[in-house]
Amino acid sequence: MLVAFCITPSTSGEDGSVHDAVAAAVKVVRDSGLPNETTSMFTTIEGEWDECMKVVKDACDAVAKFGPRVALVLKADIRGDRTGEMQGKVDRLEKALEEL
C-alpha cells in the first residue's frame, strides 16, 4: 500500500513555522526503512498495512511532543497485488504524457 500523510502540531514556533515538528516526524519515517518520499506538503511511504500504520502513529507521537494537539491528513492506496508503486505510478504517468 501507499500512504501519503501530513502531520502538524496545533501550535507553532514564534514565526508560525512547524519545521521542527515535521522534522521529527520525517526522522521517524526515514528510520523506519520503508520506501519514502517527502515533498513540501506530504510524506509518502510504501509497505504493508500494519507497518505503514505503525509509522504514521509513531510520527504522530513524535509531533505530539511539540504541542497538545496533532492534525493528521492521510490518503491510502490499498492494493495488495503490487509493490514499487511509489515510482511505478510516476513512470506510467510520464509515459502517458509522452503519448499525448
Side-chain angles (χ1 to χ4, degrees):
M1 77 185 296
L2 294 175
V3 177
F5 61 99
C6 175
I7 305 168
T8 54
S10 62
T11 58
S12 63
E14 285 183 23
D15 64 351
S17 65
V18 295
H19 60 268
D20 289 336
V22 172
V26 171
K27 179 165 179 15
V28 168
V29 170
R30 292 183 179 173
D31 288 350
S32 76
L34 293 179
N36 66 84
E37 178 181 57
T38 298
T39 64
S40 61
M41 296 290 292
F42 282 87
T43 293
T44 302
I45 57 177
E46 184 169 15
E48 298 297 321
W49 180 276
D50 289 340
E51 60 190 359
C52 286
M53 291 303 127
K54 179 182 182 337
V55 170
V56 171
K57 181 190 181 310
D58 291 348
C60 285
D61 291 345
V63 171
K65 294 176 183 173
F66 292 83
R69 191 173 184 180
V70 174
L72 168 66
V73 175
L74 183 142
K75 181 175 182 178
D77 182 1
I78 305 164
R79 188 168 181 179
D81 63 337
R82 293 196 183 222
T83 59
E85 286 298 281
M86 276 181 58
Q87 186 60 47
K89 285 180 163 219
V90 174
D91 291 345
R92 290 189 298 277
L93 171 64
E94 293 298 333
K95 184 178 178 188
L97 286 168
E98 289 173 7
E99 295 173 359
L100 290 178

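The first residue in the sequence is number 1, and the count goes up from there. All of these numbers come straight from a predicted model, not from anything done at the bench.
Linking Ile, Leu, Val, Met, Phe, Trp and Tyr residues whenever their side-chain heavy atoms come within less than 4.5 Å places Leu34 and Met53 in a single cluster. Put simply, Phe66 and Val70 are part of two different groups of oily side chains (I, L, V, M, F, W, Y) that touch within less than 4.5 Å, one to the next. Hydrophobic clustering of Ile, Leu, Val, Met, Phe, Trp and Tyr side chains at less than 4.5 Å, counting indirect connections, keeps Ile7 apart from Val28. Side-chain heavy atoms closer than 4.5 Å link hydrophobic residues (I, L, V, M, F, W, Y) into clusters, and following such links, possibly through other members, connects Leu74 to Val29. Met41 and Val22 are assigned to two separate hydrophobic clusters, defined by single-linkage of ILVMFWY side chains at heavy-atom distances under 4.5 Å.
Smallest separation of non-hydrogen atoms from Ala59 and Phe5: CB-CE1, 4.3 Å. Residue Ala62 comes nearest to Ala24 through the heavy atom pair CB-O, 3.9 Å, listed as atom of the first residue, atom of the second, then distance. The minimum heavy-atom distance linking Ile45 with Met86 is given by the pair C-SD, 4.2 Å. Scanning both residues, Val63 and Pro9, for their nearest heavy atoms gives CG1-N, 3.6 Å.
Sequence neighbours left out, the pairs with a member in residues 16-27 that pass salt bridge (charged side-chain N to carboxylate O under 4.0 Å, His left out) are Lys27-Asp31.
Residue Thr83 holds its OG1 atom at 10.5 Å from CG of Leu2, rounded to the nearest 0.5 Å.
Residue Cys52 is tested with Lys57, Met1, Glu46 for a side-chain contact (heavy atoms from CB on, under 4.5 Å); the sole match is Met1.
At least one side-chain heavy atom of Leu72 sits less than 4.5 Å from a side-chain heavy atom of Val56.
Ionic pairing of Asp50 and Lys54 is not present here: no N-O contact between side-chain nitrogen and carboxylate oxygen is shorter than 4.0 angstrom.
Residue-environment remark: CD (Gln87) exceeds the threshold of 12 foreign heavy atoms within 6.0 Å.
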Item to check | Leu97 vs Leu100, side-chain contact (heavy atoms from CB on, under 4.5 Å): CA-CA, chis, key distance, verdict | outcome: CA-CA 5 Å; Leu97 286 168; Leu100 290 178; 4.0 Å; yes

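Legend: residues meeting salt bridge (Lys or Arg N to Asp or Glu O under 4.0 Å) with Arg30, ordered by chain and number and at least two apart, are absent.
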